[in-house]
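These figures come from a predicted structure and were not determined experimentally.
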Amino acid sequence: MIKHTHSLLLPLALLVCTPQAHAQRLPAYLDDTQPLETRVEDALSRMTFAEKIAVIHAQGKFTSPGVKRLGIPDFWCDDGPHGVRADVLYDSWTQAGNTNDSVVAFPALTCLAATFNPHMAAIYGHALGEEALYRGKHMMLGPGVNIYRTPLGGRNFEYMGEDPYLASRIAVPYIQQLQALGVSACVKHFVLNDNEADRHTTNVIVSDRALHEIYLPAFKAAVCEAHTWGLMGAYNLYRGYHNCHNPYLLTDLLKGQWHYDGVVVSDWGGAHNTEQAAKYGLDMEFGTHTDGLSVDAPNAYDKYYLANPYRDLIVSGKMTDKELNDKVRRVLRLFFRTSMNRHRGFGSLCSEAHYATAEQIAEEGIVLLKNEDHILPLRPSHVKRLLIVGENALRLMTPSGGSSKLKAQREIYPLQAMRRRLGSEMQIDFARGYLGVMEKRGETEAFLEGKDEKRPAAQLVSEAVDKARKADVVVIFGGLNKNKHQDTEGSDRESYSLPYGQDSLVNELVKVNPNVVFVNISGNSSAMPWAKKVKAIIQGWYLGSQAGEALTRVIAGDVNPSGKLPYTWYAQLNDYPAHALHAYPGVKTQDGKQVNEEYKEGIYVGYRWADAHKVKPLFAFGHGLSYTTFRLSKLQADKTALTAADSITFSLDVTNTGKQAGAEVVQLYIHDVKSSVDRPYKELKSFRKVYLQPRETRRISLTIGRDALSYYDPTIQDWKAEPGKFEALIGTASDEISSRVAFTLK
């Protein structure tokens, strides 16, 4: 039996040569000892016009053609940021029904950001890359680094929170480790795709400062530090141009100022105009139907904007092949880095190491928001009868959510894990409590127990209340569920309140039992009008395959929680700046074809708004409790002043003052004491997660440079750091600053 290798893809004339002659006649593009650009130019010179047009657009839902005549194989990409999506039919969104495409589901990226740990991002990218390799994927469509601007944003769970610095530090190692295996990242959605409402027609109006200080930094870090090989344009518009062919964003900024040498991939159906796509930065067009969005027809992919219509413009002389050759060069770089990379390994799928990685990330990202009377962790000495309430205790979250949906080999749900871990120590009972709306997309299969529940809501509440009277502790698993208008691609939430009558359920339960713990499963914050009435609140995210196991280990005390909120959690919707200023979801134009959405809050997103307007959040950015306690002390700076080319290091002691091993996240914010422009009171510029045994003290250092003191100056279109006085604020949350030290910039 002949084993298939890359050599079998070589042109026939090369295959019949002797080894010596083969080495002498090997074309430069096939010789991986040659510089990348040499290989690219050699391959480009050998391609026909038709082959060049072919490689810049899709030929199937997740594939684009290689150059078979030259031995360059087809290119395959796949969703998503949290795991490798199940295979679909070649030209349909219907699942292919394979039996070998089940994967490990990793936690959503909000959870990854909540770890405040770049090492977790690195092992995440590595494990995802191994699964992608095994599945034969050359590019993974992620990570997402858009900004948490409104809690109604449908895809917030796919992103990394509100702070550009945090998102940057988490995105870079994820991309680096993924690409180290020869699998391209495709960072998305570039840029200002911060909500799902009217996503195809929204034209974002935003100040230059806000664009550069809040919305671009994570993308810039992905390009300039992680050197991502792929980047996906967003659906929305900026300055009146769709972001998949935007002259400023893609041509001037990305490929000009940032010197990006990778490919720009359209979001599926994100291209709208052939001439603009050709001139303004789009390199590979993917989509759904003939026009990339809605219309179906035979030979659909030939009718894409970068297919026959582009070919015809060049043939007719209305355009030259200058832009085409630039696109093909970028695509060839991508091929040589991935599909033509002979050093790519085989990867592995659903390994125990990957499950361990998924669980570790989940455990580090779970956030303990409240723990009154130290009700958690649950101890058998104090709890004999435990009642678990809530549909989210038995609902699988990985099969839904839009493009990030996964076909997980397994997903341990909370009720299953709680019974297994605590069932021998406590009497455990369960009540459904509420019934979520079912979607007609197979989501009914998401329930492993009670999926045929038909009792009315009032009866479900009554049952839960009756059982709560007899319990020592009640643990509610509630929140959202990735249904439409919950947390999902394609739609934003319609309300800040929890759905399905959960507020009423909680209020009824606390009336009969004071020991209530609420575990919020979601990628978003929600109103919690009962927050002061319950004893504990846990933010449980969407945790993937090991969800129930990770949550149970935290609740039982096997793991000490160390996650921190990657966004500000306000008590009510109008506390968020986008809503306080009526700046979401935008205003439709008179012809109804476009929505203008002005980011009126400018640079004041999240905790920046809270500081400026004295709004007290329900839970602050960076907040997260532990089962032990910590003390920060002896803050010092290694100098009192720095120059533009200098850096400054802050050192402090971190002590675990409790009786249990745990981890604390030390957060460093910078305050510009006096500035000629309006600036936030403080901005996160460094952080460090520190693991300590009981009574252990460790001295740590945090170093920043001039860039941490800078703001974007639109008048010079560059960053500026003004000489003067600054303060470094050290704390464990944006509202828990324990010490500060002054210094100056000369």
Under a 3.5 Å distance rule, please check whether [X] uses its side chain to pair with a backbone N or O of [Y] as donor and acceptor.
X      : Y      : value
Asp78  : Met140 : no
Thr357 : Tyr124 : no
Gln177 : Ala121 : no
Lys188 : Leu141 : yes
Asp503 : Asn507 : no
Asn371 : Leu625 : no
Tyr174 : Pro81  : yes
Arg169 : Pro118 : no
Glu359 : Glu549 : no
His485 : Asp492 : yes

Query raised in the report: Between Tyr235 and Trp268, is the gap from one ring center to the other below 6.0 Å?
Result: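 No, the ring of Tyr235 stays outside the 6.0 Å limit from the ring of Trp268, centre to centre.
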Query raised in the report: Between Phe621 and Trp569, is the ring centre distance below 6.0 Å?
Result: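 No; Trp569 has its ring centre 6.0 Å or more from that of Phe621.
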Nearest-0.5 Å distance that lies between atom [atom1] in [X] and atom [atom2] in [Y]:
X      : Y      : atom1 : atom2 : answer
Thr568 : Leu618 : OG1   : CG    : 11.5 Å
Leu378 : Arg421 : CG    : CZ    : 10.0 Å
Phe106 : Met120 : CZ    : CE    : 12.5 Å
Leu505 : Glu508 : CG    : CD    : 8.5 Å

**Report entry** side chain to side chain contact (heavy atoms under 4.5 Å, CB included) assessment of Tyr542 paired with Asp487
**Finding:** CA-CA 10 Å; Tyr542 299 116; Asp487 277 329; 2.7 Å; yes
To check you understand the geometry: which heavy-atom pair defines the closest contact between [X] and [Y], and what is its length?
X      : Y      : value
Phe687 : Asn117 : CE1-N, 4.5 Å
Pro577 : Gly606 : CG-N, 4.4 Å
Ile412 : Ala417 : CG2-CB, 3.9 Å
Gly624 : Val367 : CA-CG1, 3.8 Å
Gly347 : Tyr134 : O-CD1, 3.9 Å
Ala464 : Ala431 : CA-CB, 3.7 Å

Requested in this report: Using a cut-off of 6.0 Å, state whether more than 12 heavy atoms not belonging to Arg379 lie near its atom CZ.
Outcome: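 Atom CZ in Arg379 is packed in, count exceeds 12.
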Query raised in the report: Are there more than 12 heavy atoms of other residues, nucleotides or ligands under 6.0 Å from atom CD of Gln427?
Result: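 No, the 6.0 Å shell around CD holds no more than 12 heavy atoms from other groups.
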**Report entry** Given Trp609, Tyr567, Tyr496, Tyr584, the one that forms ring-ring contact (aromatic ring centres under 6.0 Å, His included) with Tyr576
**Finding:**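 Testing each of Trp609, Tyr567, Tyr496, Tyr584 against Tyr576, the sole residue satisfying ring-ring contact (aromatic ring centres under 6.0 Å, His included) is Tyr496.
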Less than 4.5 Å apart, side chain to side chain, heavy atoms only: is that true for [X] and [Y]?
X      : Y      : value
Asn392 : Asn481 : yes
Thr110 : Tyr148 : no
Val519 : Ile555 : yes
Lys564 : Gln539 : no
Glu158 : His82  : yes
Ser102 : Lys407 : yes
Tyr434 : Leu460 : no
Tyr570 : Lys616 : no

**Report entry** Of Leu368, Leu376, Ile538, the residue whose pairing with Pro561 passes side-chain contact (heavy atoms from CB on, under 4.5 Å)
**Finding:**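 That would be Leu368.
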Query raised in the report: So among Gln486, Glu489, Lys482, which one has a side-chain contact (heavy atoms from CB on, under 4.5 Å) with Phe157?
Result: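 The option that passes is Lys482.
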Could [X] and [Y] be called an ion pair, given the rule that one side-chain N must be under 4.0 Å from one carboxylate O?
X      : Y      : answer
Glu463 : Lys467 : yes
Arg385 : Asp429 : no
Asp472 : Lys384 : no
Lys532 : Glu372 : no
Lys689 : Glu364 : yes
Arg432 : Glu391 : yes

Requested in this report: Before giving the answer on side chain to side chain contact (heavy atoms under 4.5 Å, CB included), spell out for Cys350 and Gln409 the whole-Å C-alpha distance, their side-chain angles and the decisive distance to 0.1 Å.
Outcome: CA-CA 7 Å; Cys350 297; Gln409 183 190 50; 3.4 Å; yes
Query raised in the report: Once the angle between the rings of His623 and Phe619 is folded into 0 to 90°, is it parallel (under 30°), tilted (30 to 60°) or perpendicular (over 60°)?
Result: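 Correct class here is parallel.
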Requested in this report: With side chain to side chain contact (heavy atoms under 4.5 Å, CB included) as the test, would you mind laying out the steps for Arg419 and Phe430 before giving the verdict?
Outcome: CA-CA 10 Å; Arg419 284 171 170 165; Phe430 174 73; 4.1 Å; yes
**Report entry** Gln667 vs Ser734, side chain to side chain donor-acceptor pair (under 3.5 Å): CA-CA, chis, key distance, verdict
**Finding:** CA-CA 8 Å; Gln667 301 163 39; Ser734 62; over 6 Å; no
Requested in this report: Could you check Ser522 against Asn524 for side chain to side chain donor-acceptor pair (under 3.5 Å), going step by step and ending with a plain yes or no?
Outcome: CA-CA 5 Å; Ser522 76; Asn524 266 309; over 6 Å; no
Query - Identified salt bridge (Lys or Arg N to Asp or Glu O under 4.0 Å) partner of Lys137 from the options Asp79, Asp101, Asp87 - result: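 Only match with Lys137 under salt bridge (Lys or Arg N to Asp or Glu O under 4.0 Å): Asp87.
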Report task. Starting from the C-alpha separation in whole Å, work towards a yes-or-no answer on side chain to side chain contact (heavy atoms under 4.5 Å, CB included) for Phe116 and Leu166. Result -> CA-CA 7 Å; Phe116 272 69; Leu166 173 63; 3.7 Å; yes
Query - Within 45° cone of Tyr355 ring axis and under 6.0 Å: Arg410 NZ or CZ - result: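 That pair qualifies as a cation-pi contact.
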